Enquirer: 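Here you go, one structure.
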Amino acid sequence: MELAPRLDPRGIEPSLYAAWMERREFHLSPDSVTRDGREPFVIVIPPPNVTAVLHMGHGLNNTIQDVLIRWRRMQGRAALWVPGTDHAGIATQNVVERILAREGKTRQDLGREAFVERTWEFVRETGGAILDQLKAIGSSCDWERTRFTLDPGLSRAVREVFVHLYEKGLIYRGEYIINWCPRCHTALANEEAEGTEVEGRLYHLRYPLAPGLEEETASASTAGAASLGRLPDGRWYLTVSTTRPETMLGDMAVAVNPGDERYAGLVGGEVDLPLTGRRIPIIADEYVDREFGTGMVKVTPAHDPNDFEMAQRAGIAPLNVMTPEARMGENAPAAFRGMDRFEARKAVVEAFKGEGLFGGDTPHTHAIPRCYRCDTVVEPRLSEQWFVRMKPLAEPALAASRDGTVTFVPERWKKVYEHWMENIRDWCISRQLWWGHRIPVWYCRDCGHTLVAREDPTACSACGSERLEQDPDVLDTWFSSWLWPFSVFGWPERTEDLKAFYPGHVLSTAPEILFFWVARMIMAGYEFMGEAPFRTVYLHATVRDIQGRKMSKSLGNGIDPLEVVERFGADALRFTVISGAAVGTDIHLDPQDLEASFAPGRNFANKVWNAGRFTLMSVGEDPVRPLEKVQGHLELADRWIISRLARTVQARTQELEKFRLHDVADLAYHFFWGDLADWYLELVKPRLKGERGEESREAARTVLVTVLDGILRLLHPLIPFVTEELWQKLPWPWASERPRFLMAASWPEPRREWEDADAEGQMAALQELVTQIRRLRKEYGVPEGAQVDVVLAGAPEVFRGTLEEEAQAVRTLARVGAITWEREKARGAGAHGVLLNGTELFVSLEGVIDLVREKARLQGEIGRLAGQLTATRKKLENQGFLGKAPEEVVAREREKAASLQEQVEKLQDKLRVFEGA
RNA sequence: GGGCGCUUAGCUCAGCUGGUUCAGAGCGCCUGCCUUACAAGCAGGAGGUCGGCGGUUCGAAUCCGUCAGCGCCCACCA
């Protein structure tokens, strides 16, 4: 059989994937569950943005999902992975707008309808490229079920949900301060406005007091309020502080804390708001912190959420002084009108200086929110928006976490989730965009009636007028994503798919969308399906660069997974990210050095390839016998490797259950490389050549193929391509009965009867011996190729059983000729090894093997005794026991404790001697 | 201002319920090997008082307290 000495991923991966696809191996119909009664296992993909390109975060997340899906599929579950993409309102609209900008056009030039059509075109052309990229890394999604959050079925679900919630009173329209992106011209949810720490300035502005308050001011001033003072013209002023001086143009009041006796006399008075010619009141409000700044706050209801609330409490109307572009608007004084907010900030400060009202500025760090899409500084803005009342929806979703119906991995996210759910705020769902689900609300131009309907209305239900106008806004992208786990199956229809595949099992995603998406999906699951959409939420690692920075486009520190697949293969990428990301930790990769970053995975895949290549070449194409048929001819190495495989299967299955994918990779790696390749393959070489006779050869062939079959099955979810390629070539006797593909083969059952503690113990000692001989050879400078004779000292148990077989192994692995056993002679030598007359090596094994074993035995013994000791002591501290038990029983316990104590100490002394030796 | 996490070899990190993986892996480094599966490899080796201090325990990288440094999330302090 001709196989390349190096794995060529490009040579096998695309064709294998095509073969899987052609045979529809990833596809599953509801019949498999409803008719055949198979237990489902369902993952619904976190839909990437249509316009996105694959990045390492996707690479990791989708590898994780594919590992879980492939593993469950092999376990016999009806494993379904539903793929799809998200229309990503703002993100996509921005991309298309940028394209238009290059053509010198704006979306307004095109008009709404043409713009949306243009966006659809764009999405149809380039959208979904990311799905092809997911295929490149081996994702075994059921592509026949690919959905899009804006396709007709999902749009129907969205509309149903909106109307349902509206009718239930959970959707309302209201005027509030929302986060407004002046560049995207839309409202943002709180979660979409990301705060960044900024070293800014706090400006102190002086507002002259209106006449009539002189007396109170003077007395407050002498009482120590540094914030009050007198202008050269004799007027009194107070000082307020702000990070955004331009908003003072919209000030409607100044507020102090009602309990602040310094300013008690001022409340009810007025100040002359500079630059505006307006006179505004001084009010009292609990919100004001008298310790911060001057203890006086300017109130700008239209441009700050807290000020808005204060103004509402005081019955003061807001005054909006900005345009949607965050320029100073018509309500601002003429001198500032049209200025950008940052220009206006400077201008206002200058104007205050000009009037002698500037009280200086001080450095001040604070968080300013930015648009998560375009990074523009968000402006709080008063406007009318649609909201979802979240509290009632949150209740069952919170309970689900508390009672363990939904669990989080790693567990610490449970707390984060619950904290957010307990303090949940209403969700602003309207967006002033064109790309997205249109809000199903119409206003009657004649009678002002509001219609909310599942089907587009043609006439007003109140007055019959046909002059209806639909709300211009669209819904937040997440308003369709939160329905994803059931809308992909055809909800609100009661489809077969829904019956078979809802609820799903695992959701794997990035921690940063826990609130955006995960929490809301759970809420929607309860509200519309009556149960949570999945049981386990796996929050995966964040992919960072070598400096620990999150990979991002703007930093330019990203890694293109397709380049990695191209250069090293999908298997290399998959194995690297899985073994690099332990539960709860991040993964660090170097974008500057892909070779170094992906070497672990690449090297391992190649190792698997070569071990397979060796097996196929040396075993030949004649079918091997089943294991039972060679049972009587198994040698130590055979029994050992089978036992090791059995244990690895056992451990790996357990780790997978706990989502410990990193450990799974680690275990499989060490079994494959450390046990199978380094030891078993080496041991079996002479046997495969027939040097030890036909029986030995047949046993070796069978065991080798059996073990390789097992480990390939185990490894398949991690590195599906190289395992599939090799597995298909294994010379099984029952080749005709097995499934066409490894991916459809069964997960190996843990086989207790294969475990063989004796073989493992003997083999461990043998390995130790071989390593010692190799070390000694090196130490004494025995040439690589030269053979030495070994004189063994001590009585290692290794050679008590099948002496010849084991001696043979040592000869094979350590290039040893004759092995003789001269206990007394070597003991006299005293050292671990001594080279005699050039070719004869003395190896004293007592100092090596037996010591290791004795130490372990001692530790075990100490553990057992210490356990008893602790229990006995507890008993002796128990008042109930001391009071009620007969004297002699208590005495006996005391004796027991003392004796145990003594024994433990004795053993510990002994252990110390061993460790010292 | 609250909440969470991290600190183990030169680098990136494992180490789950304290003791049979207990001081580990990969990369890097040193020495010797193109040994008929693999130089993307093989064999051997150097390298760490597990962030500091204190405590619990027969026994602590592991549990508790505290200090220091780093990181993340949430929050309206103008």
Side-chain angles (χ1 to χ4, degrees), chain A residues 3 5-7 177 190 195 202 240-244 247 255 287-289 291-294 296-300 304-307 309 364 366-367 380 410 412-413 415-416 419-420 423 511-512 514-515 542 546 548 550 568 572 576 579-590 595-597 599-600 602-618 655 658 660 662-663 666 669-670 677-678 681-682 685 771 774-779 781 783-785 813-815 852-853 855-857 859-860 862-867 869-870 873 900-901 903-905 907-908 911:
Chain A
L3 294 174
R6 264 192 200 183
L7 173 60
I177 298 276
N190 284 323
L202 193 58
V240 293
S241 304
T242 178
T243 52
R244 298 188 301 149
T247 63
Y287 165 76
V288 181
D289 178 354
E291 302 302 322
F292 188 90
T294 59
M296 290 187 278
V297 182
K298 59 191 273 306
V299 180
T300 320
D304 182 283
N306 301 305
D307 293 7
E309 283 171 22
H364 182 69
H366 61 124
R412 65 188 151 90
W413 291 105
K415 266 183 281 182
V416 179
H419 182 254
W420 189 75
N423 299 289
E512 57 262 33
L514 181 62
F515 305 139
T542 303
I546 230 75
K550 201 159 130 186
F568 311 114
T576 300
S579 58
V583 181
T585 66
D586 292 341
I587 175 168
H588 293 250
L589 297 168
D590 186 357
E595 172 96 23
S597 294
R602 190 262 319 254
N603 294 356
F604 183 56
N606 189 54
K607 189 71 178 177
V608 171
W609 172 255
N610 267 291
R613 176 168 172 254
F614 167 77
T615 303
L616 296 172
M617 289 189 319
S618 51
E655 299 299 333
K658 292 186 285 184
R660 300 186 62 92
H662 160 269
D663 287 336
D666 202 53
Y669 179 95
H670 284 107
D678 285 350
L681 291 189
E682 294 304 325
K685 278 177 182 173
T771 303
R774 285 171 175 168
R775 200 179 62 76
L776 291 169
R777 290 174 59 110
K778 199 99 171 173
E779 195 177 313
E784 199 75 13
L813 295 172
R815 290 184 183 258
V852 171
R853 290 181 165 191
K855 197 173 142 193
R857 195 188 65 77
Q859 280 168 344
I862 290 171
R864 269 190 296 280
L865 290 173
L869 180 61
T870 307
R873 282 198 176 146
L900 282 168
Q901 168 92 46
Q903 286 180 58
V904 166
E905 279 168 15
L907 289 174
Q908 277 173 336
L911 190 59

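This one's a predicted model, so the numbers in the text were calculated from it and none came from an experiment. Residue numbers begin at 1 in each chain, while the letters A, B, ... track the order of the sequences.
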Enquirer: Among B:G26, B:A37, B:C73, which nucleotide sits nearest the side chain of A:Lys685?
Expert: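 Minimum distance to the A:Lys685 side chain belongs to B:A37.
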
Enquirer: Which value, rounded to the nearest 0.5 Å, describes the distance between A:Arg613 atom CZ and A:Leu7 atom CG?
Expert: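 It comes to 11.5 Å.
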
Enquirer: Give one of base, sugar-phosphate or nothing for A:Leu681, where a contact means two heavy atoms less than 4.0 Å apart.
Expert: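 Base contact.
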
Enquirer: Measure from the side-chain heavy atoms of A:Asn606 and tell me the nearest of B:A40, B:A78, B:A37.
Expert: B:A40

Enquirer: Answer with base, sugar-phosphate or nothing: what part of the nucleic acid does A:Thr615 contact at a heavy-atom distance below 4.0 Å?
Expert: nothing

Enquirer: Indicate yes or no: at least one non-hydrogen side-chain atom of A:Ser597 is less than 4.5 angstrom from one of A:Asp590.
Expert: yes

Enquirer: Across the strands shown, which category fits A:Ala599 at heavy-atom distances under 4.0 angstrom: base, sugar-phosphate, nothing?
Expert: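 Here A:Ala599 touches no strand at all.
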
Enquirer: Report yes or no: is there a donor-acceptor pair, N or O only, under 3.5 Å between the side chain of A:Glu595 and the base of B:A40?
Expert: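 Not at all, since no donor on one side and acceptor on the other fall under 3.5 Å apart.
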
Enquirer: Check whether any side-chain N or O of A:Arg774 sits under 4.0 Å from OP1 or OP2 of B:G44, and answer yes or no.
Expert: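 Answer yes for this pair, as a side-chain N or O of A:Arg774 is under 4.0 Å from OP1 or OP2.
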
Enquirer: Say we look at B:G52 and B:U7: how far apart would their C1' atoms be, to the nearest angstrom?
Expert: 11 Å

Enquirer: Remember a base hit wins even if backbone is also touched, and classify A:Glu682 as base, sugar-phosphate or nothing at under 4.0 Å, heavy atoms.
Expert: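 If one applies the 4.0 Å heavy-atom cut-off, A:Glu682 turns out to touch a base.
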
Enquirer: Search all heavy atoms of A:Lys298 against all heavy atoms of A:Val240 and return the closest pair with its distance.
Expert: N-CG1, 3.9 Å

Enquirer: For the P atoms, the ones on B:A61 and on B:G45, what distance do you get once it is rounded to whole angstrom?
Expert: 25 Å

Enquirer: Would you mind telling me which residue lines up with the more 5' stretch of RNA chain B, A:Pro600 or A:Arg613, judged by nearest nucleotide?
Expert: A:Pro600

Enquirer: Indicate, with a heavy-atom threshold strictly under 4.0 Å, whether A:Phe568 touches base, sugar-phosphate, or nothing.
Expert: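 No contact.
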
Enquirer: B:G26, OP1 or OP2 - any side-chain N/O from A:Asn603 closer than 4.0 Å?
Expert: no

Enquirer: Using the P atom as the point on both nucleotides, what is the distance between B:A46 and B:G26, in whole Å?
Expert: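 B:G26 and B:A46 have their P atoms separated by 15 Å.
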
Enquirer: Determine which nucleotide pairs with B:A75, using a 3.5 Å limit on both distances of a Watson-Crick or G-U wobble pair.
Expert: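 WC or wobble partner does not exist here.
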
Enquirer: Roughly how far apart are A:Thr300 OG1 and A:Asp307 CG, rounded to 0.5 Å?
Expert: 5.0 Å

Enquirer: In Watson-Crick or G-U wobble terms, both distances under 3.5 Å, what is the partner of B:C63?
Expert: B:G55

Enquirer: Can you figure out which of B:C38, B:C76, B:C74 approaches the side chain of A:His419 most closely?
Expert: B:C74

Enquirer: At 4.0 Å (heavy atoms only), tell me whether A:Arg602 reaches a base, stays on the sugar-phosphate, or touches nothing.
Expert: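 Result for A:Arg602 = base.
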
Enquirer: Which value, rounded to the nearest 0.5 Å, describes the distance between A:Asn610 atom CG and A:Asn603 atom CG?
Expert: 11.0 Å

Enquirer: Nearest to the side chain of A:Arg775, heavy atoms from C-beta on, is which of B:G44, B:C77, B:C38?
Expert: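 That would be B:G44.
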
Enquirer: For a quick check of understanding: with a heavy-atom distance under 4.0 Å over all strands, which category does A:Val297 fall into, base, sugar-phosphate or nothing?
Expert: base

Enquirer: If the C1' atom of B:C67 is compared with that of B:G28, how far apart are they to the nearest Å?
Expert: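 Going atom to atom, C1' in each nucleotide, I get 34 Å.
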
Enquirer: Looking for any heavy atom pair under 4.0 Å, which part of the strands does A:Pro305 touch: base, sugar-phosphate only, or nothing?
Expert: nothing

Enquirer: Answer yes or no: side-chain N or O of A:Lys298 and base N or O of B:A78 forming a donor-acceptor pair under 3.5 Å.
Expert: no

Enquirer: Hey, does A:Thr247 have a side-chain heavy atom less than 4.5 Å from the side chain of A:Asp304?
Expert: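 The answer is no; the side chains never approach within 4.5 Å.
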
Enquirer: Can you find a side chain N or O atom of A:Arg6 that sits less than 4.0 Å from OP1 or OP2 on B:A40?
Expert: yes

Enquirer: So, OP1 or OP2 of B:C16: does either fall under 4.0 Å of a side-chain N or O from A:Lys658?
Expert: no

Enquirer: C1' atom, B:A43 versus B:U49: distance in rounded Å?
Expert: 31 Å

Enquirer: Establish, from distance only, whether the side-chain atoms of A:Lys685 and A:Ser618 form a donor-acceptor pair under 3.5 Å.
Expert: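 Checked: A:Lys685/A:Ser618 side chains show no N/O donor-acceptor pair below 3.5 Å.
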
Enquirer: Determine whether any donor atom in the side chain of A:Tyr287 lies under 3.5 Å from an acceptor atom in the base of B:C77, or the reverse, and answer yes or no.
Expert: no

Enquirer: Taking the C1' atom of each, how far is B:C29 from B:G47, in whole Å?
Expert: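 Between the two C1' atoms, the distance is 9 Å.
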
Enquirer: Taking only the C1' atom of each, what is the distance from B:G51 to B:G69 in whole angstrom?
Expert: 8 Å

Enquirer: Using a heavy-atom cut-off of 4.0 Å across all strands, would you classify A:Ala605 as base, sugar-phosphate, or nothing?
Expert: nothing

Enquirer: When you measure from the side chain of A:Lys607, which nucleotide among B:C38, B:A43, B:C77 comes out closest?
Expert: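 Nearest to the side chain of A:Lys607 among the choices is B:C38.
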
Enquirer: If each of A:Lys415 and A:Ala596 is mapped to the nucleotide of RNA chain B with the nearest heavy atom, which maps nearer the 5' terminus, i.e. the 5' end?
Expert: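 Final value for this comparison: A:Lys415.
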
Enquirer: Quick one: is A:Arg660 getting a side-chain N or O under 4.0 Å of the B:G15 phosphate, OP1 or OP2?
Expert: yes

Enquirer: Under a 3.5 Å limit for both distances, which nucleotide forms a Watson-Crick or G-U wobble pair with B:U7, could you say?
Expert: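 By the stated definition (distances under 3.5 Å), B:A68 pairs with B:U7.
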
Enquirer: Quick one: label A:Asp663 by what it contacts on the DNA or RNA (base, sugar-phosphate, nothing), any heavy atom closer than 4.0 Å.
Expert: base

Enquirer: In terms of the angle between their ring planes, are A:Phe515 and A:Trp420 parallel, tilted or perpendicular, with boundaries placed at 30° and 60°?
Expert: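 Because their plane-to-plane angle is under 30°, the rings of A:Phe515 and A:Trp420 count as parallel.
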
Enquirer: Starting the side chain at C-beta, find the nucleotide from B:U35, B:C74, B:A37 nearest to A:Arg815.
Expert: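 Looking only at heavy atoms from C-beta outward on A:Arg815, the closest nucleotide is B:U35.
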
Enquirer: Say we look at B:U8 and B:G2: how far apart would their C1' atoms be, to the nearest angstrom?
Expert: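 The same atom, C1', in both gives a distance of 30 Å.
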
